[in-house]
Amino acid sequence: MDKAQLILLGLPIFLFCSDLFNLFTPPPPKPQPQRPHQPPPHIPHQQHRPASFIPETLDFPSQTSGLGGANGYGHTVEINFCVSCSFKGTAVTMKKMLETAFPGLDVILANYPPPAPKRLLAKVVPVAQMGVIGMIVAGDRIFPMIGIAQPPAWFHSLRANRFGSMASTWLIGNFLQSYLQSSGAFEVQCDGELVFSKLKEGRFPGEIELRDLISKTLTRPSTLY
């Protein structure tokens, strides 16, 4: 086997090991919402002044109000989106817009995983890829070991164009794995309440639309039981 064949054979194996490592790497821990630090109130030093002098008092607001009188202090917005669908750019844009519109709002970005059956099939695809490639490379020795004296016709077809068959197997497997890992979600929650769902609406929210939805949720009076 010359150098070119070694490279063509080693590259899919290296990519498979890399995908397998990323597949079973645990996701990073979900960040905890950070509450803004409230400085202690400043107590001015009182000095004895003449009776005729009346000091002017200035009121400094402790928190800046956002859109419609709402502020984000003490509130959390979670944007759960499909990472494998390349929705991260949209999520980051929405995060910056909300943090600007509602000062103090804690915006958390997280991956929205696909359903459990799709996640399970996504883990099976790399194993099937490796099995097909191994069958193409050493099928003439594997079939007799499992009791098949004459390899089937499809094996000879794949073996006739060995490296093209391995490349096609790798590309098709990566496409299936990417499809199975995608959820197509862009879900927005404010304080645990779902305010927008791409899975239900079938579209992304507009910036003004999402800002108004968050503003209504923040300014809504809480019900006491």
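Ser183 OG to Phe81 CZ: the interatomic distance, rounded to the nearest 0.5 Å, is 10.0 Å. Interatomic distance, Leu98 CG to His75 NE2, rounded to the nearest 0.5 Å: 13.5 Å. Note that the OH atom of Tyr179 and the SG atom of Cys85 stand 10.5 Å from one another [nearest 0.5 Å]. Atom CE of Met94 is separated from atom CZ of Phe196 by 8.5 Å, given to the nearest 0.5 angstrom. Atom CD1 of Ile136 and atom OG of Ser157 lie 11.0 Å apart (nearest 0.5 Å). Atom-to-atom distance recorded for Arg162:CZ and Leu158:CG is 11.5 Å, nearest 0.5 angstrom.
Side-chain contact between Asp191 and Thr76 is present, with heavy atoms from C-beta onward closer than 4.5 Å. Residues Phe186 and Tyr112 fail the side-chain proximity criterion, which asks for heavy atoms closer than 4.5 Å. For the pair Gln189/Val77, no side-chain contact is recorded, criterion being any heavy-atom separation below 4.5 Å from C-beta on. Contact annotation: the side chain of Gln129 approaches that of Asn174 to within less than 4.5 Å [non-hydrogen atoms, C-beta and beyond]. Taking 4.5 Å as the limit, every side-chain heavy atom of Leu171 sits out of range of all side-chain heavy atoms of Ser168. Between Val127 and Val125 the shortest side-chain heavy-atom distance does not fall below 4.5 Å. Taking 4.5 Å as the limit, every side-chain heavy atom of Arg119 sits out of range of all side-chain heavy atoms of Leu180. In this structure, the side chains of Gln177 and Leu121 stay at 4.5 Å or more apart for every pair of heavy atoms.
Between the side chain of Glu187 and the main chain of Ile79, no donor-acceptor pair closer than 3.5 Å is present. A donor-acceptor contact shorter than 3.5 Å links the side chain of Ser165 to the backbone of Asn161.
Nearest approach of Lys118 to Ser182, heavy atoms of both residues: NZ-O, 3.0 Å. Between Thr217 and Leu213, the shortest heavy-atom distance links the atoms OG1-O, 2.9 Å. Summarising the geometry of His156 relative to Pro152, their closest heavy-atom pair is CD2-O, 3.3 Å, with the distance given to 0.1 Å. For the pair Ile214 and Cys190, the tightest heavy-atom approach, listed with the atom from each and the gap, is CD1-CB, 3.9 Å. The two residues Phe143 and Pro151 have their closest heavy-atom pair at CD1-CB, 3.9 Å.
With no hydrogens or angles considered, no side-chain donor-acceptor pair links Gln181 and Ser84 at under 3.5 Å.
Ile208 is not connected to Leu218 by any chain of hydrophobic side-chain contacts under 4.5 Å among Ile, Leu, Val, Met, Phe, Trp and Tyr, and they are in different clusters. With hydrophobic clusters built from ILVMFWY side chains whose heavy atoms lie under 4.5 angstrom apart, Phe102 shares a cluster with Val92. Note on Val188 and Leu199: separate hydrophobic clusters, where clusters join Ile, Leu, Val, Met, Phe, Trp and Tyr whose side-chain heavy atoms are under 4.5 Å apart, directly or indirectly. Both Trp154 and Ile148 belong to a common hydrophobic cluster when Ile, Leu, Val, Met, Phe, Trp and Tyr are linked at side-chain heavy-atom distances under 4.5 angstrom.
Between Glu209 and Arg203 there is a salt bridge, since a side-chain N of the basic residue sits under 4.0 Å from a carboxylate O of the acidic one. Classification of Lys95 and Glu99 as a salt-bridged pair holds, one side-chain N sitting under 4.0 Å from a carboxylate O.
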(request) Test salt bridge (charged side-chain N to carboxylate O under 4.0 Å, His left out) on Lys96 and Glu207 and set out the steps. (result) CA-CA 11 Å; Lys96 294 180 179 179; Glu207 292 190 15; over 6 Å; no
